[in-house]
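What follows is one structure encoded as structure tokens, with my remarks underneath.
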Amino acid sequence: MPQTAAIQLSNLRFRWRQGLPEVLNISELEVARGERVFIRGASGSGKSTLLALLAGVNLPTNGEVNILGQAISQLNGSRRDHFRSDHIGFIFQLFNLIPYLSVLENVALPCRFSRSRRLNATRSGNTLHDEARRLLEHLGMADDDLIHRPVTELSVGQQQRVATARALIGAPEIIIADEPTSALDSDMRQLFIRLLFQECERTGSTLLFASHDKQLESLFERHITLEKINRIGQELG
Amino acid sequence: MAILSLAFKSLLNRRFTASLILLSIALSVSLLLGVERLRVESRNSFANTISGTDLVVGARSGAINLLLYSVFRIGDATNNISWSSYRSIADHPKVAWTIPLSLGDSHMGFRVLGTNRDYFLHYRYSSKRRLSFHAGGPFEQVYQTVLGYEAAKALNYRIGQRIVIAHGTGKTSFTLHEDKPFEVVGILNPTGTPVDRTVHVPLEGIEAIHQGWIAGRQLAGLQISAEQALERDLTPKALTAFLVGLKSKLATFQVQREINDYRKEPLLAILPGVALQQLWDLMSVAENALLVVTALVVTIGLVGMLTVMLAGLNERRREMAILRSVGARPRHILLLVTGESLLLSLVGIAIGLLLLYGGLLVAQPYVESHFGLYLPITLPAPREWFMLGLVGTSGLLIGLIPGYRAYRYSLADGMNIRI
């Protein structure tokens, strides 16, 4: 059986509401499994909107979004939520963690909501917290002292690594990172991305990395500039 | 389950506000139950103002009127009953004992009750509890008196002191029986009944102080000293009422009918339990008003919770968005926020119960000794469980309001983190 693409868009159009102007108009986009894609776009270019469509949070006005061979618009709201929590891990810009949970609980959080990710995470016979600890170790957060600290006392870089471990736990097929490095200094960014690559490689996850930071672009094998594929942006430009 | 443990941790993280909400719910719950307990117990104690007495007999009037003046010493008798009628009923073969009651005088606002020593022997209140003495003992001579606990306490009287009885029942009376003072020989323990506010004297004492009086006035120039009075025949000519104990309860209705049909004098015999119930029903409005007020207090506690939860919601939109991004569905968000309210209500109820029982333990001896009201420490009654259930359910329903708002937010925000 030929493997389906991780992400495949065709004739995608999106407007927030009837009567408002279109925000996105993308004729074609395909991302293969295991690919690491850098999505570049200035703020306001519709990056976050595109990511929300890929995640199935919003549905396209026209066209189709296929994730892992599944047409997202054919799922109802609750099935979409299930699908997302099973297959997609998220990393956001800043303050990604739940303040009242411990580091390990934060990392294990997706497994509370997704059975398949819980099964993936515990497949090797590990407990969830063992698996969380293992991921943190890979991301350079092995220190017991760090792990037992309240998450609000971690540095921004440490917080982002915890958020990354959370996105990776249970090996979701797709990792969506929305400006995850914008709060880090440039040394930390390089390190962070290297660690992220390593882990995506290990789990075979597809990585979509949205940023406006050109310096990071060269680290990725594939670049997409949103302004180029989005016809709306071209018209405006 | 997973969501409820999240709710718990989230509350723990906001322990200061959470404990304030808990405090207000716990206090209002303990107030609600406390008032309910007091209500039930004072009702019981009211119904037990007099017990063991099968019939109360007085001149013919209304049942509640007779009860009011004979047992509660409120108001006045419409008429007296003659000594001979009393004797003939007291000698009825089915009657075990009687307690004669003669009212009409007072001491510093407290009613004076003329009776005999059978009063201390047969009078029962609450669940067949008999009168006991705080100090001293029953009267033995004509010019002796036994005070109820409250009367003695309010007037600061001790054994051996002499008191003067006033004619009539007003608080300030201009006609005093100054020439015939009574010696305090006994003070009763508190009972929580009108006995506490009564000054008891022998029937003969009542008779003695009224020697030389006709129609409520002292006859001019007819001074009869205390010693002279003792030499006269002090058998009373009339009584206000009397209590009857029967040898067998089965005869109650028969004897009641016989007394009501008594030929020589129009008499009325009532069953005190029935009349007490009727009287209490008159007061149920006040009782319900009290309950309504405490229900409002609980409502205020819950509305306080609603306010805090709603106010905190906006700051928590980020938290909701993060939860959504890790796979929480909108209904999980609803459950999280509503679960927090439910947890707060349930823990509040539990603490409220602890407060109630703690309060009961502390207050029980005090309330009993000062108000004669015994508060039993028992498990919540079905009605109290029902109230608690109602509070819990209201907490849940109220929690649905912020829950629903969070649900709407999480639908609208999706995973967009708003600061």
Side-chain angles (χ1 to χ4, degrees), chain A residues 16 48-49 51-59 76-102 105-118 128 150-152 159 162-163 165-167 169-170 172 176-179, chain B residues 1-19 21-22 308-309 312-337 339-341 343-344 347 404 406-419:
Chain A
W16 283 106
S48 295
T49 311
L51 294 182
L53 285 168
L54 296 180
V57 177
N58 294 315
L59 288 179
N76 65 23
S78 152
R79 301 285 296 272
R80 271 207 309 280
D81 282 332
H82 264 288
F83 185 83
R84 178 181 337 116
S85 61
D86 283 349
H87 301 292
I88 305 178
F90 289 90
I91 312 168
F92 294 111
Q93 191 171 349
L94 246 189
F95 309 122
N96 248 315
L97 305 177
I98 301 287
Y100 50 80
L101 295 180
S102 73
E105 284 169 332
N106 258 293
V107 174
L109 202 51
C111 301
R112 284 186 192 236
F113 298 105
S114 163
R115 209 173 105 82
S116 69
R117 283 176 74 177
R118 184 166 61 243
L128 276 181
V151 293
T152 44
Q159 288 191 23
V162 174
R166 188 181 60 197
I169 198 165
I176 294 180
D178 190 2
E179 306 264 13
Chain B
M1 265 334 281
I3 279 292
L4 280 188
S5 88
L6 272 190
F8 178 70
K9 283 172 179 159
S10 155
L11 283 177
L12 216 57
N13 186 49
R14 290 172 289 144
R15 53 182 87 82
F16 182 68
T17 35
S19 53
I21 301 174
L22 277 184
V308 173
M309 295 297 289
L313 218 51
N314 225 355
E315 307 160 14
R316 296 179 65 197
R317 284 172 91 152
R318 158 179 293 279
E319 175 190 332
M320 308 292 169
I322 296 169
L323 284 172
R324 289 279 285 138
S325 80
V326 297
R329 294 178 249 305
R331 68 183 167 85
H332 287 135
I333 304 292
L334 175 77
L335 213 62
L336 172 70
V337 176
E340 287 178 8
S341 303
L343 273 175
L344 282 174
V347 177
Y404 181 70
Y407 176 84
R408 300 287 313 174
Y409 279 165
S410 71
L411 279 181
D413 293 359
M415 286 172 299
N416 298 330
I417 292 181
R418 299 182 186 221
I419 298 167

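Only a predicted model underlies this, so the values are computations on that prediction, with no experimental measurement involved. Values below: all heavy atoms of this structure, side chains included; hydrogens, waters and symmetry mates excluded. Every chain is numbered from 1 and lettered A, B, ... according to where its sequence line falls, protein lines coming before strand lines.
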Start with the C-alpha gap between A:Leu101 and B:Leu6, add the side-chain angles, then the distance that decides, and say whether side chain to side chain contact (heavy atoms under 4.5 Å, CB included) holds.
CA-CA 8 Å; A:Leu101 295 180; B:Leu6 272 190; 3.6 Å; yes
What closest approach, in Å, do A:Asp81 and B:Pro330 show between heavy atoms, and which atom pair accounts for it?
OD2-CD, 3.2 Å
Is there a side chain to side chain contact (heavy atoms under 4.5 Å, CB included) between A:Phe90 and B:Ile322 once you walk through the steps?
CA-CA 9 Å; A:Phe90 289 90; B:Ile322 296 169; over 6 Å; no
Do you know the tightest heavy-atom contact between A:Ile98 and B:Glu319?
CD1-O, 3.8 Å
Tell me which of these, A:Gly89, A:Ser78, A:Pro110, has more heavy-atom pairs under 4.5 Å with chain B than the rest.
A:Pro110
Shortest non-hydrogen separation from A:Ser85 to B:Gly327 and the atoms involved:
CB-CA, 3.2 Å
Begin with the C-alpha distance, continue with both residues' side-chain angles, and end with the deciding distance and a verdict on side chain to side chain contact (heavy atoms under 4.5 Å, CB included) for B:Ile3 and A:Arg112.
CA-CA 9 Å; B:Ile3 279 292; A:Arg112 284 186 192 236; over 6 Å; no
Looking at B:Tyr407, I want to see if its OH is surrounded by more than 12 non-hydrogen atoms of other residues, nucleotides or ligands under 6.0 Å.
no
May I ask you to name which of A:Arg166, A:His82, A:Arg80 has the most heavy-atom pairs under 4.5 Å with chain B?
A:His82
What do the steps show when you test B:Leu12 against A:Tyr100 for side chain to side chain contact (heavy atoms under 4.5 Å, CB included), and what is the final call?
CA-CA 8 Å; B:Leu12 216 57; A:Tyr100 50 80; over 6 Å; no
